[in-house]
Number of protein chains: 2
Amino acid sequence: MRLSKTSEYALRILSFMINSDMQVFSAKYLIDTLNVPDKYLRRLMTDLSKNGFIKSLKGRDGGYIFAKNANTIHISQVIDAVEGMDRYEGCIMGFGDCSDSNPCSLHENYAPIKEQLIHFLSTTTISELKSTNVLKF
Amino acid sequence: MRLSKTSEYALRILSFMINSDMQVFSAKYLIDTLNVPDKYLRRLMTDLSKNGFIKSLKGRDGGYIFAKNANTIHISQVIDAVEGMDRYEGCIMGFGDCSDSNPCSLHENYAPIKEQLIHFLSTTTISELKSTNVLKF
DNA sequence: TCAAATTACTATATGGTGGTAGTATATTAA
DNA sequence: TTAATATACTACCACCATATAGTAATTTGA
Ligand code: FES
Ligand code: FES
């Protein structure tokens, strides 16, 4: 299972921000530190701003800052904002509806795993990504 | 979590074949029954043949047939043949190496779920997809 | 034999994600 | 006031998965 690259970038950025002591992060700084393509990161940050996760401070000494407490931002919300969560909620074989009463041949075994995945993504918040063990961003 | 459309098709086809009493399946029959695009299915079948899951019988009354016992075909092998399993084995945040000693910030919570997913895909065989409960192909 | 039924091959079109380029706009330290 | 430092916007390009089209090759029943 892999997220879209855009989701990966978004989570890496927010994860990096919550693990840092700094308050304001310029695009340039994030680009250099996280090795995310310049213009791609800028567009993504605008997108995250519009979705209310962060807000931008324009002009000299400007940058990005959390728009709300990171413990109110769930991973699933971030994924939903940049690529949509549908991809993870539907049937693994591509049939739209996934339910016990209308199962595909993989449903019985896969459904419990999916439940855990969805639960994990929708209950974990960005602030829970703060850790001293994490070595990479 | 969703497989690539090609993997979906492949699994739906093999799942359909194991759940049917027939032995030989023409491309035309599969196309009409499973609503998979004509030429796309044909190319996929050739691909599955080359990977040894099925074999083709050419000419009049030809079609496709399992090339080996379906209980020796694991789901992960099918996925690996048509889209590759790397996508599911790596770090959820896109860092190549995923291990407890070099974790990303999601690793601690995600790794156990990934283990289950990989285990499920690599131990389940096509013949286990035979079921009277399944309503859709 | 040969026509019908079938798979195999090659080339091309399309759509979406990821990535790039250039310009416009806003803010502020000096 | 103004130059420097930021973000915002618009258009475009590249690649890959998905899908389509046309033709060639193979087998077999009649
Ligand atoms: S119906 Fe396919 S995974 Fe639930
Ligand atoms: S290192 Fe990211 S999921 Fe394991």
Fill in: Degree of bending in the helix from C/dT1-D/dA30 to C/dA30-D/dT1 once both end axes are built from five pairs, to 10°
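For the helix from C/dT1-D/dA30 to C/dA30-D/dT1, the axes at opposite ends meet at about 10°.
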Discussion item. Assigning hydrophobic clusters by single linkage (Ile, Leu, Val, Met, Phe, Trp, Tyr; side-chain heavy-atom cutoff under 4.5 Å), is A/Leu14 placed with A/Met22?
Written reply: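 Same cluster.
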Worksheet item: Which salt bridge (charged side-chain N to carboxylate O under 4.0 Å, His left out) pairs, counting each pair once, include a residue from residues 102-127 of chain A, with sequence neighbours left out?
Response: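 Qualifying pairs, neighbours excluded: none.
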Item to complete: Please report the shortest heavy-atom distance between B/Met85 and B/Ile118, naming the atom on each side.
Response: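 Reported closest heavy-atom pair: CE-CD1, 4.2 Å.
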Discussion item. Restricting to non-hydrogen atoms, name the atom on A/Phe53 and the atom on A/Gln77 that form the minimum distance, rounded to 0.1 Å.
Written reply: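 So the minimum-distance heavy-atom pair works out to CZ-O, 3.6 Å.
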Discussion item. Is it the case that over 12 heavy atoms from other parts of the model lie below 6.0 angstrom from the NZ atom of A/Lys68?
Written reply: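 Buried by this count: over 12 neighbours within 6.0 Å.
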Worksheet item: Given that A/Lys5 and A/Asp61 both sit by DNA chain C, which one's nearest nucleotide is further toward the 5' end?
Response: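 It is A/Lys5 whose nearest nucleotide is closer to the 5' end.
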Practice prompt. Assess the side chains of A/Tyr88 and A/Ser76: does a donor N or O sit below 3.5 Å from an acceptor N or O?
Written response: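 Distance-only check fails for A/Tyr88 and A/Ser76.
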Does [X] place a side-chain N or O at less than 4.0 Å from the phosphate oxygens OP1/OP2 of [N]?
X	N	value
A/Lys50	D/dT7	no
A/Tyr64	D/dA8	yes
A/Ser26	D/dT5	no

Measure from the side chain of [X], starting at C-beta and using heavy atoms only, and say which of [options] lies closest.
X	options	value
A/Thr6	D/dA8, C/dG18, C/dT7	C/dG18
B/Thr46	D/dT7, D/dT18, C/dC9	C/dC9
A/Ala27	C/dT20, D/dT7, C/dA11	D/dT7

Worksheet entry | Donor-acceptor pair under 3.5 Å, B/Lys39 side chain vs D/dG22 base |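 Such a pair is found, so the answer is yes.
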Worksheet item: Which part of the nucleic acid does B/Ser4 contact within heavy-atom distance under 4.0 Å: base, sugar-phosphate only, or nothing?
Response: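 Sugar-phosphate, backbone atoms only, no base.
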Worksheet item: Which part of the nucleic acid does A/Tyr9 contact within heavy-atom distance under 4.0 Å: base, sugar-phosphate only, or nothing?
Response: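 Sugar-phosphate: the residue A/Tyr9, judged by heavy atoms under 4.0 Å, touches backbone atoms but no base.
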